[in-house]
Amino acid sequence: MSDQSDSTIRSAHWLAELADHSGVDLDLRPDPEPAELVSAWNAIADATDLSQDELVDRVAAHFHLDKAELDQADGRALKLIPAEVARRYGVFPLSATDGEVAVATADPLNRRAQDDLEALSGRSVRFLVGRPDLILGAIDRFYAPDQFLENVVSNLVSGTRPDSLRLIREQAVENAASFDLESPPLVKLSRLILDQFSNEATTELHVEPERDGGRVRLRTGGELHHFMHLPLVAMARVIFRMKSLAGLDLAERVKPQHGVIRVASNGQEKELFVVTSPGINGERLSILGEEPDYEAYFEHVQQAVELAKAAPVMGRVLVVDDDASARLLMRSVLEKQGFEVLEADDGPPALALLDEYGDVSLVMLDLNMPQLHGREVLARIRGSIGTAGLPVVVLTGIEDPRVEIELLKAGADDYLRKPIDPQRLAVRVQAVLRRAGSYEAWPEGL
C-alpha cells in the first residue's frame, strides 16, 4: 500500500499529520479505534469546510486508491471476514475473487489490519476508501446476527413438521443479552430442537460446542445420534435461549447449572431438565427427559471433558471428487494439518458417508461427477436437517464469476479453483472452519 515503514506510520498517524496541516489539534493514537477515526474525520472536515464525501475524494486521490461503494455487499466477501474482525478494524468487505478481497476502510495505511485480513481470507487485500461512519453502519447492517441466523434457520427448518410441543413460559426469566432472545429465527430453531422430545423415544439432547461450530445430538433407543450441525452464531444463541427458558443465569458460563423447561404435548404437561456445564470449546447444554442425580451427572461430564482434552482432534473432512489423484493430494494436505479424511468418488457415496458419520466438520465437494452433480449434492446437504449448517467448499475448474456467485447463493461457504494449490487449500480450509466456529463473537457482557 505504501512504502513507509511501520515505525514511521506508528510514530505519526497520517490522519494526525493531515489534521496538523488543517490547523486541527488532534490527539490520535498510532492504532486508533474505529470510533476515533469517525471523530478525526469529523474534526478535519469541519476545519477545512469539506464535506465528508469530499474528504473521501481527497484521501482516495492522495493514496491513489478507489472510493468504496457501501450500498451493496458480496456474500462471499462477508464470509471471508468475520464480523468481530470487521468491527475491530472498522473495515467492510465489498467483493472477493479467488486471489483478492476488496475492503472498505477509512485508514488505508493500517498494516496490522491488512496483515490480519490477508491471513484470515487467504487472499491479498485491496483497500478502498470510505467514510468511517458509513463503514460502521454497513457493518451493523450486513453483519446483523439475526440476518445470518435467519439464513441458517431457513435451511434447517425447511420441510420439517409443525411443532408438537407447546412451551409453558411462566418459568422464563429476564436476562440481559445483547441480542433478542425472542427473535423469530431463534425461536424457530429452538422450537425445532425442543420438539424432538415429542418423540417418546428421545431421552437426552445435547448441544455441544466444537472446534468447527457445534452439534446437536439425540439419545434415542439407548444410542446417541447426530441431529444437526450448527455454526457457532446459531449454537450460542440457542444455548442462551434454552438457559433463559429454564430460568438459568446467562452470565454464568463456568459453573454448572440446572433448571427446568415446562412443555405441553397432546394436552399433557411435562418437564424437561436442563443442565449446563463447561466444555473444551465453550459451554455445553443438555436437555434430559428424566431428572438426573445432578452431582453424579456433572462428575460424569467432567470426566468426559478430561478424556477429550487428553486426545484432541482437529476434525474430520469429507473429500468428494471422482479424480483419485485430486483426492490423494487433498488427503495429504489435510492429514498434515491434523485432520482425519474420508473419501468419496461421487455424490451418492458422499451422502451415505454423511449419514454414517455425524461428526464431519467440512466437505470438499467437486462439481463435475458422473452420477450426481456437485450442485445436487450441495442442495441435498443444505436441505437435510443434519447437515444444513455444515461448511462446504466447492472445487471447480470453471472460471465464470456468474457460476461462483450461483454456488455461493446455493449455500457454498467458499470455492477453490482447480488445479488445486496445496498451500491455498490449507489456508482456505482453516479460514472456512474459523468462520464456522467464530462468525460472531460472544455477546458482550455474557
Looking only at atom types and distance, does a side-chain atom of Lys270 sit under 3.5 Å from a main-chain N or O of Phe197, one as donor and one as acceptor? yes

Donor-acceptor pair, Asp346 side chain versus Pro348 backbone, under 3.5 Å? no

Looking only at side chains, do Ser286 and Tyr297 share a donor and an acceptor under 3.5 Å apart? yes

Point-to-point distance, once rounded to the nearest 0.5 Å, from CZ of Arg241 to CG of Leu194: 8.0 Å

Give a yes or no on whether the backbone of Ser265 and the side-chain of Gln268 come within a donor-acceptor separation of less than 3.5 Å. no

Would you say Val392 and Leu378 make side-chain contact, with heavy atoms under 4.5 Å? yes

Tell me, do Asp345 and Met369 make a side-chain contact under 4.5 Å, heavy atoms counted? no

How far does CD1 of Ile193 sit from NZ of Lys188, to the nearest 0.5 angstrom? 14.5 Å

Just verifying a value: how many Å separate Glu356 CD and Leu342 CG, rounded to the nearest 0.5 Å? 8.5 Å

Please answer whether the main-chain N or O of Gln196 pairs with a side-chain N or O of Thr202 as donor and acceptor at a distance below 3.5 Å. yes

What's the shortest heavy-atom distance between Leu94 and Ala68, and which atoms? CD1-CB, 3.9 Å

Is a donor from one side chain sitting under 3.5 angstrom from an acceptor on the other, for Tyr89 and Asn110? no

Nearest heavy atoms of Val333 and Ala426, plus distance in Å: CG1-CB, 4.0 Å

Any His13 side-chain heavy atom under 4.5 Å of Pro32 side chain: yes

Please tell me if the side chains of Leu425 and Met364 come closer than 4.5 Å, counting only heavy atoms from C-beta onward. yes

Distance-minimising heavy-atom pair for Phe127 and Pro108: CD1-O, 3.5 Å

Closest heavy-atom contact between Ala77 and Pro93? O-CB, 3.5 Å

Can you tell me how far the CG atom of Leu288 sits from the CG atom of Leu205, to the nearest 0.5 Å? 9.0 Å

What I want to check is whether the side chains of His229 and Asp359 have a donor and an acceptor closer together than 3.5 Å. no

Go through Met228 and Arg215 one step at a time and tell me if the side-chain contact (heavy atoms from CB on, under 4.5 Å) criterion holds. CA-CA 6 Å; Met228 68 169 68; Arg215 284 179 175 78; over 6 Å; no

Taking only residues two or more places apart in sequence or in another chain, which ones pass side chain to side chain donor-acceptor pair (under 3.5 Å) with Arg217? Glu208

Is Glu343 salt-bridged to Arg331, cutoff N-O under 4.0 Å? yes

Would a distance-only check, ignoring hydrogens and angles, find a side-chain to backbone donor-acceptor pair under 3.5 Å from Glu252 to Val254? yes

For Leu37 and Pro132 the tightest heavy-atom approach is O-CG, 3.9 Å

Test applied, side-chain contact (heavy atoms from CB on, under 4.5 Å); reference residue, Pro34; option that passes from Ile139, Ile135, Leu136: Leu136

Using only atom types and a distance under 3.5 Å, with no angle test, would you say the side chain of Thr387 pairs donor to acceptor with the backbone of Leu390? no

Could you go through Thr203 and Glu290, starting from their C-alpha distance and side-chain angles, then the distance that decides it, and tell me whether this counts as side-chain contact (heavy atoms from CB on, under 4.5 Å)? CA-CA 7 Å; Thr203 57; Glu290 296 183 358; over 6 Å; no

side-chain contact (heavy atoms from CB on, under 4.5 Å), that's the test. Do Glu283 and Ser277 meet it? Break it down for me. CA-CA 6 Å; Glu283 186 177 35; Ser277 56; over 6 Å; no

Any side-chain heavy atom of Leu351 within less than 4.5 Å of one from Val377? yes

Is His206 reaching over with its side chain to a backbone N or O of Arg284, donor-acceptor style, under 3.5 angstrom? no

Side chains of Asp133 and Trp41, donor plus acceptor under 3.5 Å: no

Strictly distance-based, threshold 3.5 Å: is any side-chain N or O of Arg126 a donor or acceptor partner for the main-chain N or O of Ala102? no

Output yes when a side-chain donor or acceptor of Asn42 lies under 3.5 Å from a complementary backbone atom of Val38, and no otherwise. yes

Is there side-chain contact between Leu117 and Val103, with heavy atoms separated by less than 4.5 Å? yes

His300 versus Gln302, side-chain donor and acceptor atoms under 3.5 Å: no

Distance (rounded to the nearest 0.5 Å) between Glu299 CD and Asp293 CG: 9.5 Å

Would you mind checking if Arg123 and Glu100 are paired as a salt bridge, meaning a charged N to carboxylate O distance below 4.0 Å? no

I would like to know whether Val363 and Val393 meet side-chain contact (heavy atoms from CB on, under 4.5 Å); could you show each step before the answer? CA-CA 6 Å; Val363 177; Val393 176; over 6 Å; no

So, do Met242 and Val207 sit near enough that their side-chain heavy atoms are less than 4.5 Å apart? no

Kindly indicate whether the side chain of Phe273, heavy atoms from C-beta on, has any atom under 4.5 Å from the side chain of His258. no

Is the backbone N or O of Gly222 less than 3.5 Å from a side-chain atom of Arg219, with the two atoms forming a donor-acceptor pair by type? yes

Mind listing the closest non-hydrogen atom pair of Ala412 and Val394 along with its distance? CB-CG2, 3.8 Å

Test Asp366 against every option in Asp322, Thr396, Val319 by the side-chain contact (heavy atoms from CB on, under 4.5 Å) rule and name the one that passes. Asp322

Please round to the nearest 0.5 Å and tell me the distance separating atom CG of Leu134 and atom CD of Glu69. 10.5 Å

